[in-house]
Amino acid sequence: MPVGVSHYLAVSAVIFAVGVAGVLLRRNILVVLMSIELMLNAANLAFVTFSRASGAVGGQIVVLFVMTVAAAEVAVGLAIVLIAFRARETTDVDEMNVMKW
Amino acid sequence: MTALLFFVCSLVAIASAALVVSRKNPVHSVLFLIVCLLSVALLFLLLGAQFIAALQVIVYAGAIVVLFVFVLMLLNVKKETVTLHSSTVQKLGAVILVIVLLMEALFVAVMGVGWLSKEAWIAASGISFGTVQSIGRELFTRYLFQFEVASVLLLVAIVGAIAITKKR
């Protein structure tokens, strides 16, 4: 059975959906951030698949930039988690419902 | 052989992704996140993207996951008693939204490309654009400006993270 474009895209779609489920369902902000990483990773998989299918290197370069954005997002996101924890002693997103305290 | 590798890697990736969002203990989630990222790196290798696979291991499974573990240890969070949102409407809505999204994405992936299309899929040995050389050449010629912008973005993120966490 030959593995083609749609197989990789289907895997990417499932991982993305799992990530969305994590963001929507979980209350722990650290797990929410991990779910966002899962979604970015699924998008990367789709980019590399299309790059392979079209024979162009551009898709892989976009993956490089997505990784840069993911690293920046995690650094700033975890800094925000740190100060929120310092002020509120919680990582629960339901408890973080004010912009200023 | 390639098909077998693909199925094993994708099964491990999907299973560990599901475990990331379903484990109660965030430390377990991080460990399963590493498994998921490494199996996606193997999928990148199967697609002939060697440089991206190496980057995935170094940047994601190395730096980003270490950052997560570091913050987890720093916060010393007790094990959650309630992991999901309390509102039933919210939970039900989230599940319905996820199922609809999954159906849409699978429909596009299957119908848009053709499930068993045998056309124009060059063998991994036949492509040469996954190497460091070819990516580097493109990156420093056609995508030079975007590359510089990405470095500025990283600088901004570093300064921002330090400025946010600084004790006043």
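Each chain gets a letter, A, B and so on, in the order the sequences are listed, and its residues count up from 1. In this text, all values refer to a predicted model and were calculated from it rather than measured experimentally.
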Taking B:Leu97, B:Val30, B:Val156 one by one, which has the highest count of heavy-atom pairs under 4.5 Å against chain A? B:Val30
As an exercise: rank A:Val74, A:Val23, A:Leu40 by heavy-atom pairs under 4.5 Å with chain B and give me the winner. A:Val74
With respect to chain B, which residue among A:Ile80, A:Leu64, A:Val63, A:Val93 yields the maximal number of heavy-atom pairs within a distance under 4.5 Å? A:Leu64
Atom CG of B:Leu47 and atom CG of A:Leu45: how far apart are they, to the nearest 0.5 Å? 6.5 Å
Do B:Val20 and A:Leu38 make a side-chain contact, defined as non-hydrogen atoms from C-beta onward lying under 4.5 Å apart? yes
Taking every non-hydrogen atom, the tightest pair across A:Val18 and B:Ala17: CG1-O, 3.4 Å
Nearest heavy-atom pair of B:Ala105 and A:Ala13: which atoms, and what distance? CB-CB, 3.5 Å
What is the minimum heavy-atom distance between A:Ala71 and B:Leu154, and which atoms define it? CB-CD2, 4.5 Å
Between chain B and each of A:Ile15, A:Ile61, A:Leu30, count heavy-atom pairs under 4.5 Å; write down the option with the most. A:Ile61
Are B:Leu46 and B:Val12 connected in a single hydrophobic cluster, I mean Ile/Leu/Val/Met/Phe/Trp/Tyr linked by side-chain heavy atoms less than 4.5 Å apart? no
Hey, does the side chain of A:Arg52 reach the backbone of B:Gly48 with a donor-acceptor pair shorter than 3.5 angstrom? no
Flag side-chain contact, heavy atom, 4.5 Å: A:Asn44 against B:Phe44: yes
For B:Leu102 and A:Val14, run side chain to side chain contact (heavy atoms under 4.5 Å, CB included): C-alpha distance rounded to whole Å, both residues' side-chain angles, the deciding distance at 0.1 Å, then the answer. CA-CA 7 Å; B:Leu102 183 61; A:Val14 173; 4.1 Å; yes
I would like to know whether B:Leu139 and A:Phe65 meet side chain to side chain contact (heavy atoms under 4.5 Å, CB included); could you show each step before the answer? CA-CA 11 Å; B:Leu139 199 59; A:Phe65 294 137; 4.1 Å; yes
Decide yes or no on side chain to side chain contact (heavy atoms under 4.5 Å, CB included) for A:Val57 and B:Arg137, but give the supporting numbers first. CA-CA 10 Å; A:Val57 75; B:Arg137 187 177 292 134; over 6 Å; no
Check the hydrophobic clustering (I, L, V, M, F, W, Y; side-chain heavy atoms under 4.5 Å; chains of links allowed) and say if B:Val40 and B:Val35 are grouped together. no
For atom CD of B:Gln133, decide whether the heavy atoms of other residues, nucleotides or ligands shown that lie under 6.0 angstrom number more than 12. no
Check: B:Val108 and A:Leu9 side chains under 4.5 Å, non-hydrogen atoms: no
Heavy-atom distances under 4.5 Å only: say whether B:Val65 touches chain A with side chain, backbone, both or neither. neither
Before you tell me yes or no, could you show the steps for A:Asn41 and B:Gln56 under side-chain hydrogen bond (donor to acceptor under 3.5 Å, both in side chains), namely the whole-Å CA-CA distance, both residues' side-chain angles and the distance that decides it to 0.1 Å? CA-CA 9 Å; A:Asn41 216 38; B:Gln56 171 94 354; 3.0 Å; yes
Closest contact, heavy atoms only, B:Ser29 versus A:Met34: CB-SD, 3.7 Å
Under 4.5 Å between side-chain heavy atoms, hopping through other hydrophobics if needed: is there a path connecting B:Phe68 to B:Phe70? no
Rounded at 0.5 Å granularity, tell me how far OG in A:Ser12 sits from CG in B:Leu106. 10.0 Å
Is any side-chain heavy atom of B:Phe6 closer than 4.5 Å to one of A:Val11? yes
Determine the minimum heavy-atom distance between B:Val98 and A:Ala17, stating which atoms define it. CG1-O, 3.7 Å
Hey, could you give me the OG1/CD distance between B:Thr131 and A:Gln60, rounded to the nearest 0.5 Å? 9.0 Å
Under 4.5 Å between side-chain heavy atoms, hopping through other hydrophobics if needed: is there a path connecting B:Met73 to B:Leu67? yes
Members of residues 142-151 of chain B whose heavy atoms come closer than 4.5 Å to chain A: B:Tyr143, B:Gln146, B:Phe147, B:Ala150
A:Met67 side chain near B:Tyr60 side chain, heavy-atom distance below 4.5 Å: yes
Side chain to side chain contact (heavy atoms under 4.5 Å, CB included) for A:Phe85 and B:Val71? Distances and angles first, verdict last. CA-CA 11 Å; A:Phe85 188 81; B:Val71 170; over 6 Å; no
Could you tell me which portion of B:Leu43 (side chain, backbone, both or neither) has an atom closer than 4.5 angstrom to a non-hydrogen atom of chain A? both
Leading residue by heavy atom contact count with chain B [cutoff under 4.5 Å; candidates A:Val48, A:Val76, A:Val69]: A:Val48
Among A:Leu33, A:Val32, A:Val81, the residue with the most heavy-atom pairs under 4.5 Å to chain B is A:Leu33
Under a 4.5 Å cutoff for heavy-atom pairs, which residue among B:Val59, B:Ile158, B:Ile135 has the most contacts with chain A? B:Ile135
So how far is it from A:Arg27 CZ to B:Gln90 CD, rounded to the nearest 0.5 Å? 9.5 Å
Kindly indicate whether the side chain of A:Glu37, heavy atoms from C-beta on, has any atom under 4.5 Å from the side chain of B:Leu37. no
Interface check, chain B: of A:Ser35, A:Ala56, A:Gly19, most non-hydrogen pairs under 4.5 Å belong to A:Ala56
Side chain, backbone, both or neither: which part of B:Phe51 has an atom under 4.5 Å from a heavy atom of chain A? side chain
Against chain A, label B:Leu33 side chain, backbone, both or neither, depending on which of its atoms sit under 4.5 Å from a heavy atom there. side chain
Could you see if B:Val27 belongs to whatever hydrophobic cluster contains B:Leu19? Use Ile, Leu, Val, Met, Phe, Trp, Tyr and a side-chain cutoff under 4.5 Å. yes
